[in-house]
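This structure is a prediction, so every number in the text was calculated from the model and none was measured.
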Amino acid sequence: MKTYAPALVREISRTPGLKGLIVSARQDAGYYYAENAAEGISAMWIEACQFGRTVAYPCMLKVKEDIMIYKSGAGANTFEKDANKKMLAAWAVFMKPADFASFELQKLSTDDFAAKLKSYTPTL
């Protein structure tokens, strides 16, 4: 399953060398939160280079009151995999690069990103 989407901010550049061609170094990633208050949409994602191009890794998408969190890891169950597919399909609809100008963007530190993402994650 594809786990990435088109980049929205595109300010990340790849690390030089062969390793940088394959994947970004952690410090080369960008952590973002964006909100379109008028439409009731907010999103969180990480942008990094993958195989020489910048891509977005969606982490959270909130549309009105529906909150979708991407669950990663090899141990993802069928329900989580289906939820991830739903989120990526919704991301393609609501987070189009051509429509991104209507969002208010915040670039976050890794710690702020993790804390904000945790605030959207339901506790069990």
Side-chain angles (χ1 to χ4, degrees):
M1 180 175 84
K2 187 171 140 181
T3 61
Y4 58 90
L8 300 168
V9 180
R10 301 176 203 263
E11 68 181 12
I12 304 303
S13 58
R14 75 176 182 90
T15 301
L18 183 59
K19 184 178 180 184
L21 180 63
I22 298 169
V23 65
S24 292
R26 183 181 181 120
Q27 67 271 15
D28 293 337
Y31 299 84
Y32 302 100
Y33 172 81
E35 183 175 28
N36 180 332
E39 298 291 327
I41 302 168
S42 55
M44 295 181 72
W45 71 99
I46 300 168
E47 286 193 13
C49 285
Q50 180 185 56
F51 300 111
R53 66 183 180 137
T54 303
V55 296
Y57 295 98
C59 298
M60 184 280 297
L61 178 64
K62 181 180 178 195
V63 180
K64 307 285 185 215
E65 299 304 318
D66 187 13
I67 299 173
M68 296 168 268
I69 306 287
Y70 191 90
K71 303 286 186 193
S72 62
N77 61 39
T78 302
F79 176 78
E80 290 170 334
K81 288 178 184 176
D82 289 344
N84 287 347
K85 287 179 187 176
K86 176 187 170 192
M87 181 192 174
L88 287 171
W91 189 274
V93 171
F94 294 105
M95 300 303 294
K96 295 177 184 171
D99 300 334
F100 189 64
S102 61
F103 284 79
E104 185 177 317
L105 177 69
Q106 293 177 15
K107 186 170 183 179
L108 304 171
S109 69
T110 55
D111 292 339
D112 290 342
F113 183 87
K116 191 167 194 72
L117 185 59
K118 188 175 181 179
S119 75
Y120 284 101
T121 306
T123 56
L124 301 176

Identify the two heavy atoms, one from [X] and one from [Y], that lie closest to each other, and give their separation to 0.1 Å.
{"X": "Cys59", "Y": "Met87", "answer": "C-CE, 3.4 Å"}
{"X": "Pro6", "Y": "Pro97", "answer": "CB-CG, 3.9 Å"}
{"X": "Tyr120", "Y": "Ile67", "answer": "O-CG2, 4.0 Å"}
{"X": "Tyr70", "Y": "Pro58", "answer": "CB-O, 3.4 Å"}

Q) If you measure from the Lys or Arg side-chain nitrogens to the Asp or Glu carboxylate oxygens, is any gap between Lys86 and Asp66 under 4.0 Å? A) yes
Do [X] side-chain atoms and [Y] backbone N/O form a donor-acceptor pair below 3.5 Å?
{"X": "Lys64", "Y": "Glu39", "value": "yes"}
{"X": "Asn84", "Y": "Lys71", "value": "yes"}
{"X": "Glu47", "Y": "Ala29", "value": "no"}

Q. Has Lys107 got its NZ or CZ under 6.0 Å from the middle of the six-membered ring of Tyr31, at an angle within 45 degrees of the ring axis?
A. no
Q.
According to side-chain contact (heavy atoms from CB on, under 4.5 Å), who are the partners of Ala34, at least two apart in sequence or on a separate chain?
A. Trp45, Phe100, Phe103, Leu105
(Q) Going by salt bridge (Lys or Arg N to Asp or Glu O under 4.0 Å), name the residues that satisfy it together with Lys96, two or more places apart in sequence or in a different chain. (A) none
Q: Look at the side-chain heavy atoms of Ile, Leu, Val, Met, Phe, Trp and Tyr, link any pair under 4.5 Å apart, and say whether Met60 and Phe79 land in one connected group.
A: no
Reported [atom1]-to-[atom2] distance for the pair [X] and [Y], which is rounded to 0.5 angstrom:
{"X": "Tyr32", "Y": "Lys116", "atom1": "OH", "atom2": "NZ", "value": "16.0 Å"}
{"X": "Phe94", "Y": "Asn36", "atom1": "CZ", "atom2": "CG", "value": "11.0 Å"}
{"X": "Met95", "Y": "Ser42", "atom1": "CE", "atom2": "OG", "value": "9.0 Å"}
{"X": "Met44", "Y": "Gln106", "atom1": "CE", "atom2": "CD", "value": "9.0 Å"}
{"X": "Glu104", "Y": "Tyr33", "atom1": "CD", "atom2": "OH", "value": "9.0 Å"}
{"X": "Leu61", "Y": "Ile69", "atom1": "CG", "atom2": "CD1", "value": "9.0 Å"}

Q.
Using side-chain heavy atoms (C-beta onward) and a distance below 4.5 Å, is Ile41 in contact with Glu35?
A. no
Q: Show your working on side chain to side chain contact (heavy atoms under 4.5 Å, CB included) between Lys62 and Met68 and close with a plain yes or no.
A: CA-CA 6 Å; Lys62 181 180 178 195; Met68 296 168 268; over 6 Å; no
